[in-house]
Asks: 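Mind having a look at this structure? Questions to follow.
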Amino acid sequence: MTSLTSVQSPEYLLVGGFGNKSILRYDQKTGNFIDIFVPSSSGGLSTPVGLTLGPDNNLYVVSSFGDSSVLRYDGQSGVFIDAFVSSNSGGLNTPTGLVFGPDNHLYVSSMNSNSVLRYDGQTGDFVDTFVPSDRGELNQPSGLVFGPDNNLYVSSRVNNSILRYDGETGAFIDAFVASGSGGLSIPSVLTFGPDGNLYVGSENTDSVLRYDGQTGTFIDAFIPPGSGGLQCPVGVMFGGYDGNLYVGSFGNNSILRYDAQTGAFIDTFIPSGSGGLQNAAVLIFSKISSLTR
């Protein structure tokens, strides 16, 4: 296989389409459609609502509304490998977010059981219920991220808050972002930015809110409601060759790009329908070394 570029740099943008039930690949510099990286139904893929790259550089996808599983695909070719987390393993029920932790295990939010489950990072075997349903009033957990403090941050959709848990024990620490702070309404994905602050997609207000990464105090609506046509932000990620903020706009089937320093709208990086994209749900920058299948 001929390498086009060093794997030290992200090369492509992968987007999970809720409507077209597949993973599409785009050029990370131009936004041009390249191909369908993971076709609909591959390995049983139903509705991709969470993506992450594993320590093995393979792609892990939450298939939520089909059989409640986590599917694994070859990070170079997109070919289905296996159901890394089998259907309903450990009580998994409508998974939404997933992240590999500092311990290299896989953490998955189980929305309908109001819990976060942990799986062996090498085998996919169920390890434990890392965050049980009665811990910190977690209600419909969605986005997951480990912070700079190595603790786990979870968006609680019904409570309109971001809850923080001890990254080693799962013990509840606090409501890092209090319910409704800054107008937060149905938080989706969350990420820590290059400035160390926390960025949260607020679905009901069509905005991305920023909170102090140390205290959780509301700073501002980094992306104001509807900026650039934003409707229901469900993917929020800094990256690409320019380091700017890319947001999946579920309501108008597009990926929008914003200035990483100011939050100003730059452009519609991937327009509606490009490559058949329907309801852009999640996105991730990959480190795929070649287009050759």
Side-chain angles (χ1 to χ4, degrees), residues 10 50-53 96-105 107 109 116 130-131 135-138 141-157 159-225 227 230 233-240 242-248 256-266 282-285:
L51 304 177
T52 193
L53 293 174
T96 47
L98 75 171
V99 65
F100 280 90
D103 58 2
N104 285 328
H105 287 325
Y107 295 75
S109 55
V116 177
F130 188 71
V131 179
R135 195 171 291 175
E137 297 184 353
L138 187 61
S142 180
L144 303 175
V145 67
F146 279 89
D149 57 2
N150 285 329
N151 289 317
L152 179 65
Y153 295 74
V154 184
S155 56
S156 183
R157 292 172 63 86
N159 295 336
N160 296 316
S161 60
I162 307 300
L163 307 181
R164 178 166 57 170
Y165 298 89
D166 186 283
E168 293 185 355
T169 68
F172 177 67
I173 297 176
D174 57 13
F176 185 73
V177 174
S179 179
S181 173
L184 183 62
S185 181
I186 307 189
S188 56
V189 294
L190 57 163
T191 188
F192 281 89
D195 58 0
N197 292 317
L198 181 65
Y199 294 75
V200 183
S202 180
E203 292 186 16
N204 267 1
T205 61
D206 300 325
S207 60
V208 176
L209 308 181
R210 178 167 55 170
Y211 300 89
D212 187 283
Q214 298 290 324
T215 66
T217 301
F218 175 68
I219 298 175
D220 57 13
F222 186 72
I223 298 177
S227 173
L230 183 61
V234 292
V236 178
M237 174 168 284
F238 289 91
D242 57 8
N244 284 315
L245 182 62
Y246 294 75
V247 181
L256 308 180
R257 179 165 54 170
Y258 300 87
D259 186 278
Q261 301 297 320
T262 66
F265 176 67
I266 297 175
V282 282
L283 62 154
I284 192 170
F285 287 96

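What you see is a predicted model, and the numbers here were worked out from it, not measured in a lab.
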Asks: Provide the full list of salt bridge (charged side-chain N to carboxylate O under 4.0 Å, His left out) pairs with a residue in residues 175-192, sequence neighbours left out, each pair given once.
Replies: none

Asks: Can you tell me how far CZ of Phe222 sits from CG of Asp259, rounded to the nearest 0.5 angstrom?
Replies: 6.5 Å

Asks: Could you check whether any side-chain heavy atom of Asp166 comes within less than 4.5 Å of a side-chain heavy atom of Asn151, counting everything from C-beta outward?
Replies: yes

Asks: Mind checking side-chain contact (heavy atoms from CB on, under 4.5 Å) for Thr217 and listing every partner two or more places apart, or none if nothing turns up?
Replies: Asp212, Thr215

Asks: So do Ile223 and Leu256 actually touch side chain to side chain, heavy atoms under 4.5 Å?
Replies: no

Asks: Which of these, Ser109, Pro187, Ser161, sits in a side chain to side chain contact (heavy atoms under 4.5 Å, CB included) with Ser156?
Replies: Ser161

Asks: Can any side-chain N or O of Asp242 pair as donor or acceptor with the backbone N or O of Asn244 at less than 3.5 Å?
Replies: yes

Asks: In a check of side chain to side chain contact (heavy atoms under 4.5 Å, CB included) between Val236 and each of Leu190, Val282, Leu245, which one passes?
Replies: Leu245

Asks: Among residues two or more places apart or on two chains, list those pairs meeting salt bridge (charged side-chain N to carboxylate O under 4.0 Å, His left out) that have a residue in residues 188-203.
Replies: Arg157-Glu203, Asp195-Arg210

Asks: Ignoring hydrogens, what is the shortest heavy-atom contact between Ser188 and Ser155? Give both atom names and the distance.
Replies: O-OG, 2.9 Å

Asks: Would Asn160 and Ile186 count as a side-chain contact (heavy atoms from CB on, under 4.5 Å) if you check the C-alpha gap in whole Å, the side-chain angles of each, and the deciding distance to 0.1 Å?
Replies: CA-CA 5 Å; Asn160 296 316; Ile186 307 189; 4.2 Å; yes

Asks: List for me each residue that meets ring-ring contact (aromatic ring centres under 6.0 Å, His included) alongside Tyr165, sequence neighbours excluded, and say none if there are none.
Replies: Phe172

Asks: First locate atom CZ of Phe176, then atom CD of Gln214, and finally report the distance between them rounded to the nearest 0.5 Å.
Replies: 7.5 Å

Asks: Ser207 versus Pro224: any side-chain heavy-atom pair under 4.5 Å?
Replies: no

Asks: For residues 170-186, pull every pair meeting salt bridge (charged side-chain N to carboxylate O under 4.0 Å, His left out), keeping only residues two or more places apart or in separate chains.
Replies: Arg164-Asp174

Asks: Could you pull out all residues at least two apart from Ser181 that satisfy side-chain contact (heavy atoms from CB on, under 4.5 Å)?
Replies: Val177, Tyr211, Phe218

Asks: Look at the side chain of Thr96 and the backbone N and O of Pro141, then say whether any donor-acceptor pair between them is shorter than 3.5 Å.
Replies: yes

Asks: Under 4.5 Å between any side-chain heavy atoms of Val247 and Leu230, yes or no?
Replies: yes

Asks: When you measure from the side chain of Asn150 to the backbone N and O of Pro102, does any donor-acceptor pair fall under 3.5 Å?
Replies: no

Asks: At their closest point, which heavy atom of Ser202 faces which heavy atom of Gly183, and how far apart are they?
Replies: OG-O, 4.0 Å

Asks: For the side chain of Thr191 and the backbone of Tyr199, is there at least one donor-acceptor N/O pair under 3.5 Å apart?
Replies: no

